[in-house]
Number of protein chains: 2
Amino acid sequence: MNAPPARRTARDKIMDAAVATIRQKGYAATTVDDLCAAAGVTKGAFFHHFRSKDDLAVAVANYWSEMTGALFAAAPYHHHADPLDRVLGYIDFRKDILRGTVPEFTCLVGTMTQEAYDTHPAVRIACDRCISDHAAKIEADIAEAMRLYQLDADWTAASLALHTQAVLQGAFILAKAKGGPEVAAQSVDHLRRYVELLFGVKREKANV
Amino acid sequence: MNAPPARRTARDKIMDAAVATIRQKGYAATTVDDLCAAAGVTKGAFFHHFRSKDDLAVAVANYWSEMTGALFAAAPYHHHADPLDRVLGYIDFRKDILRGTVPEFTCLVGTMTQEAYDTHPAVRIACDRCISDHAAKIEADIAEAMRLYQLDADWTAASLALHTQAVLQGAFILAKAKGGPEVAAQSVDHLRRYVELLFGVKREKANV
DNA sequence: TAAAACATACCAACTGGTTGGTTTGTGTCA
DNA sequence: TGACACAAACCAACCAGTTGGTATGTTTTA
């Protein structure tokens, strides 16, 4: 009922080039010419599809939101019947994908947020939405787990969900500072241990 | 045994301008002209004191390391006899200083790391040293607390110290995304709760 | 149904302003 | 008086964005 032949247009190529280049060099240091060269298109094509560089930044934040949304939607941890297992499974999954070079596993919108939060409001809003929408999905499982385990906590599901994102974003910065994923993986381990302690359980990582 | 009259030189003014401007706009988006204007000096003065913009970045990372080093050295939490109280006191202090506007409480070297890690090796190294030196100080208190409380943990003092930095750096990103310190403060609360759970204690914040 | 009218996707060359960095000159202090 | 600290003017490269145009559909109309 659809699936147009999906010709790979200049727009798509620019978006993919933007994800890769901005993750590596940052937003401000990435020039429009860089993106055109990486995508193999001309500047005319770029400004045909995007009104400005900032317009591209917003579009690529939304693109990233869709891409990662699909990645996490397809991840195995959703199969667990116990919502706490889903939360821990999510954390395990985040650790699993800390692979490859630093620009390959770090977060595009975290990078853009740092650079654009005060100078490019539209970019900040797009990045915030991406992070917040993602956190909201985890929040649902946390909330369900809190009910199931009858937790009477002095923290909210929303705050813990955002905390998982803070740990991950911070882990990426340490990984960038140290040049590899190892330090980030250790922080994710601490996050997992925290959730176990909060819920008073100790569970091995399931190999789904 | 020294204290030269401490005339406020162009170099000092440029450094202070760099801290403020880079925290607000990011490193790449900050131009040398921006810094000269903010510092009230000319480009001649800038390039008299720094070989290049990158050279300034390294210098300002070290300057930041000294500034924050002095700030934390003077902080009240060191007075606690119990090393665990010092660790919790450090976390409380980090929460206390989440005040003012976003560029006022966020971390300069975290920002620079994001932008420079892959493109400016010298900057990455300077930022890493700043973060790692700071973590090492917390690590000492954590290690002492582990001995005192006879913890037989499957994590190291070093990894927990780095984790505190990851949480803080990530909290800054969320604060930037959401435009205020509240979300960061909640993450710091989660970090404090984690340390309490690890050591099996529950302690109110001391008002030193 | 064929041609005219229009829309979309893209390109190569260009522009005005900005950028990091240089050069040359000047005031000041030890 | 000479080295240092800074100023002013300058430059070549680079930047985001523009312009004027072509190729390839798609829609409308006679």
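Just so we're on the same page: letters track the sequence lines, and every chain starts at 1.
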Upstream residue (5' side of DNA chain D) when B:K43 and A:D33 are each assigned their closest nucleotide: B:K43
Rounded interatomic separation in angstrom, taking CZ from B:R51 and P from C:dG20: 17 Å
Aromatic ring proximity B:H163/B:Y194, centre distance under 6.0 Å: yes
Check: B:K178/A:S132 side-chain N/O donor and acceptor closer than 3.5 Å: yes
Value in whole Å for how far the C1' atom of C:dT19 lies from CG of B:D54: 14 Å
Rounded distance in Å - CG (A:L35) to C1' (D:dC14): 15 Å
Touch class at under 4.0 angstrom, heavy-atom based, for B:T42 against every strand present: base
Whole angstrom value for the distance that separates C1' of C:dT18 from NZ of A:K53: 13 Å
Candidates C:dG21, C:dC10, C:dT19 - which lies nearest the side chain of B:T31: C:dT19
Atom pair distance, as rounded to whole Å: CZ in A:F46 and P in C:dA13: 20 Å
Phosphate OP1/OP2 of C:dA9 contacted by A:H49 side-chain N/O (<4.0 Å): no
Nearest-Å distance for atom pair NE2/P, residues A:H120 and D:dA16: 11 Å
Whole-Å distance separating the CZ atom of B:F47 from the P atom of C:dG21: 5 Å
Whole angstrom value for the distance that separates C1' of D:dC6 from CZ of B:F50: 14 Å
Residue-phosphate contact under 4.0 Å: B:H48 side-chain N/O, D:dA5 OP1/OP2: yes
Side-chain donor or acceptor of B:S187 paired with backbone N/O of B:V183 under 3.5 Å: no
Minimum side-chain heavy-atom gap A:Y117-B:P103 below 4.5 Å: yes
